[in-house]
Amino acid sequence: MNDRNRADMMQGVAADEAAGASAASKPEATPPREGAAVDAASASPGRRFIALLGPGLVTGAADDDPSGIATYSQVGAQFGYGLAWTMLFSFPLMVAIQAISARIGSVTGRGIASNLRRHYSPWLLRSVLLLLVVANVFNLGADLGAMGSALKLLIGGSQHLYTVGFAVLSVLLQAYMSYERYAAVLKWATLSLFAYVAVVFISGVPLAAALRGAFVPHLTFDSAHAMALVAVLGTTISPYLFFWQAGQEVEELHRRHIKPLFVSPKDAGGELTRIRIDTLVGMGVSNTIALFIILATAATLNAHGITDIQTSAQAAEALRPIAGAYTFALFTTGIIATGMLAIPVLAGSVAYATSETFRWPEGLDHRPREAKAFYATIAVATVAGLGLNFAGIDEVKALYWSAVLNGVLAAPLMVVIMLIATNRRVMGRLVLPRALVAGGWIATAVMAIASAGFLLL
């Protein structure tokens with residue numbers, strides 16, 4: 001990197017720090033005490049491994065939100081084990097683009113929207129922001145509605161009341177729990193996804209058919225299979241996840257008192273290794289759970305002739321007479337738990353992108369009074385999604401339009417992300433290695449084809 005570019009980047013970091021200096025954070029992360037390195041070195045391998053996990057794990061788990069559960073349930077119910085292989089196919093694509101997003105945040109110390117604002121045309125940033133906000137609001141509405149439906153299935157009562165309660169609880173947790181504790185809660189909440197692993201074992205999935213479906217691609221060239229393939233890719237690789245993981249990596253830098261990696265590229269190896277492991281594990285968990293949802297619904301719903309599932313709550317209800325009350329309860333509880341994980345990611349990604357666009361103080365490590373616009377955006381996005389449940393908008397239509405907007409946004413945004421990550425003026429000496437460049441562009445090409453197919457079908 002030449003001296004001028006380095007000076008520009010250092011000036012940007014200094015400006016960010018000056019802007020944030022006036023904003024006291026929520027209870028700050030405790031600075032590393034003496035001997036912490038010794039403790040880390042003497043910790044068990046399991047604890048050291050868990051310590052590596054964070055933004056990537058939470059991002060991957062949030063991808064299996066109630067809307068995603070509905071998509072995977074429909075694929076399993078409609079096609080049996082025939083499209084289970086799509087989870088293996090999409091895994092490297094998802095890893096590549098999420099690792100690149102995380103790398104942008106960690107190397108530059110800025111989120112994706114902030115880098116767009118600094119280095120690209122304002123109309124591009126505003127277009128991306130508008131599509132992201134609209135898509136996320138529809139997704140928030142569908143997820144909140146599914147959570148309310150799921151709790152009603154479990155205990156009876158008012159779906160609308162439960163939906164409001166989940167929305168309020170999510171906003172309060174983001175606003176008033178310290179970032180360090182909140183990040184830990186989200187990380188451990190990913191364990192809720194393994195309810196779907198239990199569902200598979202309880203359902204008695206035929207092993208040979210499941211393995212054949214997971215590892216042997218089976219393509220049928222008709223509109224139904226094409227639409228399902230596009231829906232799976234659109235659900236798995238979603239733009240809000242790019243913004244969230246990049247923003248969370250910036251938060252991690254602040255929490256651990258680390259400068260952006262471009263400042264000292266020679267010392268970046270350990271942090272980039274952490275990002276790689278975190279992302280591989282997070283996306284692995286995401287796609288494994290999605291695979292288990294497909295297998296569970298294939299073994300139960302498809303095997304009993306139920307092939308039309310449009311919502312996650314409908315899938316849970318259909319399971320009850322086939323697989324029993326325990327399986328139904330596990331599946332339904334999983335919808336609620338994954339929703340509580342996904343709602344903050346959907347609303348938070350809107351807040352990160354909006355705050356970076358307008359240069360507002362941002363981050364979950366700030367108190368609400370010091371980042372009013374950031375937290376107001378979280379609240380407004382959540383309330384807007386909640387409002388869809390009272391506006392007579394059908395949950396299935398909300399899911400459809402969310403998928404359409406995500407499909408429209410994904411491929412162009414991935415092109416921009418690749419341009420950012422390969423730009424030495426932005427990334428300095430830490431531009432992408434060749435393997436990630438190849439993986440990122442392949443993922444972008446696949447999503448472009450999928451998006452075109454979605455719009456043309």
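Below, each value reflects all heavy atoms present in this structure, side chains not excepted, and no hydrogens, waters or symmetry copies.
- Side chains of Leu364 and Phe374 form a contact here, defined as non-hydrogen atoms less than 4.5 Å apart.
- To the nearest 0.5 Å, atom CZ of residue Arg274 and atom CD of residue Glu249 are 4.5 Å apart.
- Nearest heavy atom pair, residue Phe79 against residue Ala228, reads CE1-CB, 3.4 Å.
- When each of Val75, Asn302, Leu301 is paired with Ile309, the side-chain contact (heavy atoms from CB on, under 4.5 Å) condition holds for Leu301 and for no other.
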Under the side-chain contact (heavy atoms from CB on, under 4.5 Å) rule, what do Val216 and Trp85 come out as? Steps first, then yes or no, please. CA-CA 6 Å; Val216 181; Trp85 61 269; over 6 Å; no

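- In plain terms, the two heavy atoms of Asp143 and Ala342 that are nearest each other are OD2-CB, 4.1 Å.
- When every heavy atom of Pro260 is checked against every heavy atom of Val107, the shortest pair comes out as CB-O, 3.4 Å.
- To the nearest 0.5 Å, atom CD1 of residue Ile69 and atom CD1 of residue Ile294 are 12.0 Å apart.
- Here the side chain of Ser286 pairs no donor or acceptor atom with the backbone of Gly282 at under 3.5 angstrom.
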Can Thr307 and Gln74 be said to form a side-chain contact (heavy atoms from CB on, under 4.5 Å), step by step? CA-CA 7 Å; Thr307 60; Gln74 175 59 32; 5.9 Å; no

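- By the 30° and 60° cut-offs, the orientation of the rings of Tyr352 relative to Trp244 is perpendicular.
- Counting all heavy atoms, side chain and backbone alike, Val137 lies closest to Ala381 at CG2-O, 4.2 Å.
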Can you give the donor-acceptor pairs under 3.5 Å from side chains of residues 410-421 to other protein atoms, not counting sequence neighbours?
none

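- Counting heavy atoms from C-beta outward, Leu291 and Tyr72 have side chains that stay 4.5 Å or more apart.
- With contacts defined as side-chain heavy-atom distances shorter than 4.5 Å, the pair Ile277/Phe49 qualifies.
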Using a 3.5 Å cut-off and no angle test, enumerate the donor-acceptor pairs between side-chain atoms of residues 86-105 and protein atoms at least two apart in sequence or in another chain.
residue: Thr86; atom: OG1; partner: Leu83; partner atom: O; Å: 2.7
residue: Ser90; atom: OG; partner: Thr86; partner atom: O; Å: 3.0
residue: Ser90; atom: OG; partner: Met87; partner atom: O; Å: 3.4
residue: Ser90; atom: OG; partner: Asn287; partner atom: ND2; Å: 3.1
residue: Gln98; atom: NE2; partner: Leu241; partner atom: O; Å: 3.3
residue: Gln98; atom: NE2; partner: Gln245; partner atom: OE1; Å: 2.8
residue: Ser101; atom: OG; partner: Ile97; partner atom: O; Å: 2.9

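- Residues Met147 and Pro66 approach most closely at CG-CG, 4.2 Å, considering heavy atoms.
- Asp64 and Thr338 share no side-chain donor-acceptor pair at under 3.5 Å.
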Please lay out, stage by stage, how Arg359 and Arg117 fare under the test side-chain contact (heavy atoms from CB on, under 4.5 Å). CA-CA 9 Å; Arg359 305 188 187 193; Arg117 188 194 73 234; 3.1 Å; yes

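- Rounding to the nearest 0.5 angstrom, the gap separating the CZ atom in Arg118 from the CZ atom in Arg110 is 3.5 Å.
- Atom OH of Tyr240 is separated from atom OG of Ser349 by 7.5 Å, given to the nearest 0.5 angstrom.
- A heavy-atom distance below 4.5 Å is not found between the side chains of Phe292 and Val205.
- Nearest approach of Leu233 to Ala450, heavy atoms of both residues: CD1-CB, 3.8 Å.
- Residue Leu253 holds its CG atom at 8.5 Å from OG1 of Thr108, rounded to the nearest 0.5 Å.
- A search for side chain to side chain contact (heavy atoms under 4.5 Å, CB included) contacts involving Ala379 returns Val171, not counting sequence neighbours.
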In sequence, state the C-alpha distance, the side-chain angles, and the governing distance for Leu129 and Thr354, and then conclude on side-chain contact (heavy atoms from CB on, under 4.5 Å). CA-CA 7 Å; Leu129 179 63; Thr354 305; 3.6 Å; yes

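- Looking at Gln174, its side chain does come within 3.5 Å of a backbone N or O of Ser170 through a donor-acceptor pair.
- A donor-acceptor pair is defined here as one N or O able to donate and one able to accept, closer than 3.5 Å; no such pair exists between the side chain of Thr333 and the backbone of Leu330.
- Two residues are said to be in side-chain contact when any heavy atoms from C-beta on lie closer than 4.5 Å; Val58 and Gln248 fail this criterion.
- Residues Glu362 and Val250 form no side-chain contact, since every pair of their non-hydrogen atoms from C-beta on lies 4.5 Å or further apart.
- Side chains of Phe242 and Leu409 form no contact here, defined as non-hydrogen atoms less than 4.5 Å apart.
- Remark: Leu341 CG to Leu346 CG distance equals 10.0 Å, nearest 0.5 Å.
- Put simply, the side chain of Leu57 reaches to within 4.5 Å of the side chain of Asp278, judged on heavy atoms.
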